[in-house]
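Okay, handing you the structure first.
In the text below, chain A, chain B and the rest are named by the order of the sequence lines, each starting its count at 1.
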There are 2 protein chains.
Amino acid sequence: MKYTLNQGRELSSQIAEAIREAIMNGSLLVDERLPSEGELCDRFEVSRSTVREALKRLAAQNLIRTQRGATGGAFVNRISFEDAYPQQITTSTLLLSMNEVSFETACEARFAVERACVPLSAARCQPDHMATMRAEIHRQEQIGLSDESFCASDVAFHKALVEGAGNPVLTYQLASAIESMQPLMNMITFSKRDRAKIVDLHRKIADGIASGNADIVDKGLSELADYSVTLADQVRLQRAAKKQETAKA
Amino acid sequence: MKYTLNQGRELSSQIAEAIREAIMNGSLLVDERLPSEGELCDRFEVSRSTVREALKRLAAQNLIRTQRGATGGAFVNRISFEDAYPQQITTSTLLLSMNEVSFETACEARFAVERACVPLSAARCQPDHMATMRAEIHRQEQIGLSDESFCASDVAFHKALVEGAGNPVLTYQLASAIESMQPLMNMITFSKRDRAKIVDLHRKIADGIASGNADIVDKGLSELADYSVTLADQVRLQRAAKKQETAKA
DNA sequence: ATATTTTAATTGTCAGACATTTAACTTTAT
DNA sequence: ATAAAGTTAAATGTCTGACAATTAAAATAT
């Protein structure tokens, strides 16, 4: 390995890049130990601060972990689904909140993505996830449940649905897409009637999965998507009205 | 804002966490300037190196950018789709390569996810993306095309398919899922006959989109998924045979 | 043999210095 | 007065050297 750091970018960035590249192309294997900070200083001909800043960049992406002590050092991390989840969700959530993505667009994407797991979930229908879905439906029927809790339960219900597909890669992709919508969903206030309708659809979906009928599930999800958009529109109208009232007063 | 850094974790990690939280919950708005490194030192009562390591962590996640000079500093980044793409792909790619995810599982997830966009793409069918798909099909028919180029063109074709849905959020989620599969696809060698069949299916899919017939597209994708798995199995068998041969000699 | 202590390697943190970049300010020349 | 050139100040980027904390292994004592 030879390292040449030329460009105008910061050194720590270039060093992080070089190491990231080595990890990506397999030059550095999982659990392999990187050279110590001191050795990296020599190789890249930079100071320890610079090396450390580079390593912190990689640590922030879960690419490496560090251990102190005699046999310590920086090690290539085996990225787990558990590590990748929150990372993905953070990015997606911010993407939605910072880019004026309309609720309609986000909702369309969310349910389109979710529909991807329906054939598999219906075919495989695992008791565990079935039970979770039923339990969440039950929770959603409880009176006095806060809107936040209702939304959280909604997410849990849909997460169980995608986990039912029994494909960890699919779960990872879909569940993060769904969770990143949560802040948007939390902005909606659900009346008693709204909840009843949503729970009905959830039950329809769960029944569809239980009976292995993908079409029913698909239809249920479509209705849910449409209804969510309708509700969001109502909230928007209500807020606009309230705002005008306040402005008058 | 009051900051208390207690736990055993590294200070720079905790500081990064605190600032990330402030960005996520809206305390720090897009393009807002963070306190200078010196001020952060005072607030968190740590040295500048520690603050800098925290900032580098955030920069690695595209949460902030830094500028030098008199009016410089660290600013909250508006995360763009362009920023988020490669991040997502890096994570997903490593996740696949590091966790012994079978080709079958990954393939199932990839095509399941891709099917999510079919109804929208078929309904909206935009000329731009239609043209890209046709062009890529044409490229794939050229003899002498390397396997790598063939695979890259394959990815481009499918990317155009999901972009045809006209939903940026969906494109972001799906395209990154598809691209993260590329290394796995590159491991397959395509015979002339393989390519002919794949291109046929691509044409079927493109025609389905052009005529707005989602069912045809769906079926085409399913066939493609099955065929990909078949090819991967063949490659696996061939390699096993070759290995045994080598061992014998 | 086991328990304890020492040692050495490594990362984490601190302090202070200088380099570099950049915008704003000041001076000077026209 | 205006424009060009030079100066200044604030900020990040990098370097150096030191010490703290942690940890496994080696050395020592029981």
### Query
Looking at A/Arg33, does any N or O in its side chain come under 4.0 Å of the phosphate oxygens OP1/OP2 on C/dT10?
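Looking at the OP1 and OP2 atoms of C/dT10, one of them is under 4.0 Å from a side-chain N or O of A/Arg33.
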### Message
Parallel, tilted or perpendicular, judged at 30° and 60°: which one describes the rings of A/Phe150 and A/Phe190?
### Response
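The rings of A/Phe150 and A/Phe190 sit tilted, inter-plane angle from 30° to 60°.
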### Distance-minimising heavy-atom pair for A/Ala165 and A/Leu170
CB-CD2, 4.0 Å
### Minimal non-hydrogen separation, B/Ala84 against A/Thr91, with atom names
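Nearest heavy atoms, B/Ala84 then A/Thr91: CB-CG2, 3.7 Å.
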### Query
When B/Leu161 is tested against each of B/Met130, B/Met133, B/His129 for side chain to side chain contact (heavy atoms under 4.5 Å, CB included), which residue passes?
B/Met133
### Query
What is the minimum heavy-atom distance between B/Val76 and A/Met98, and which atoms define it?
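Shortest heavy-atom separation between B/Val76 and A/Met98 comes out as CG1-CE, 4.1 Å.
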## Note on the structure
Of A/Thr50 and B/Leu34, the one whose nearest nucleotide on DNA chain D sits closer to the 5' end is B/Leu34
### Task
Quick one: label B/Ser36 by what it contacts on the DNA or RNA (base, sugar-phosphate, nothing), any heavy atom closer than 4.0 Å.
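Sugar-phosphate: the residue B/Ser36, judged by heavy atoms under 4.0 Å, touches backbone atoms but no base.
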### Message
Per the side chain to side chain donor-acceptor pair (under 3.5 Å) rule, what does the pair list look like for residues 161-171 of chain B, sequence neighbours excluded?
### Response
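Checked against side chain to side chain donor-acceptor pair (under 3.5 Å) - neighbours excluded - the pairs reaching residues 161-171 of chain B are A/Glu108-B/Asn167.
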### Query
Mind checking whether A/Met187 and A/Phe103 have side chains closer than 4.5 Å, heavy atoms only?
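Side chain of A/Met187 against side chain of A/Phe103, heavy atoms only: no contact under 4.5 Å found.
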### Query
In whole Å, what is the span from the CD1 atom of A/Ile15 to the P atom of D/dG13?
14 Å
### Query
Atom CG of A/Leu11 and atom C1' of D/dC15: how far apart are they, to the nearest Å?
11 Å
### Query
How long is the line joining CZ of B/Phe75 and P of D/dA11, in whole Å?
10 Å
### Summary
Rounding to the nearest 10°, end axes of the helix from C/dA1-D/dT30 to C/dT30-D/dA1 built from five pairs each make an angle of 20°
### Task
Write down the distance between CD (B/Glu45) and P (C/dT13), rounded to a whole number of angstrom.
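One finds 15 Å between P of C/dT13 and CD of B/Glu45, rounded.
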### Task
Rounded to the nearest angstrom, tell me the gap between atom CD in B/Glu37 and atom P in D/dA11.
10 Å
### Task
Please report, rounded to the nearest Å, how far the C1' atom of C/dT13 is from the CG atom of A/Leu55.
15 Å
#### Entry: Nearest to side-chain heavy atoms of A/Lys56, which nucleotide of D/dT16, C/dG12, C/dT10
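The answer is C/dG12.
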### Query
So does B/Arg52 get a side-chain nitrogen or oxygen closer than 4.0 Å to the phosphate oxygens (OP1/OP2) of D/dG13?
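Yes, within the criterion.
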### Message
Please give me every residue in residues 57-72 of chain B whose heavy atoms get under 4.0 Å of an atom in DNA chain C, ordered by residue number.
### Response
B/Arg68, B/Gly69, B/Ala70, B/Thr71
### Summary
Correct closest heavy-atom pair for A/Glu148 and A/Asn186 would be CA-OD1, 4.2 Å
### Message
For a quick test of reading the model, state the closest non-hydrogen atom pair linking B/Ser27 to B/Glu32 and the distance between them.
### Response
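Closest approach of B/Ser27 to B/Glu32: O-OE1, 4.0 Å.
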### Query
Does any N or O donor sit under 3.5 Å from an N or O acceptor when you compare the side chain of A/Arg9 with the base of D/dG13?
no
### For atom CZ of A/Phe44 and atom C1' of D/dT14, their distance in whole Å
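Between C1' of D/dT14 and CZ of A/Phe44: 16 Å.
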### Message
Minimum heavy-atom separation for A/Leu55 and A/Ile64, please, with both atom names.
### Response
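Looking at all heavy atoms of both residues, the closest pair is O-CD1, 3.4 Å.
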#### Entry: Distance in angstrom units between A/Glu39 CD and C/dA9 P, rounded
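To the nearest whole Å, that distance equals 12 Å.
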### Query
What about A/Arg48: does its side chain form a donor-acceptor pair under 3.5 Å with the base of C/dG12?
yes
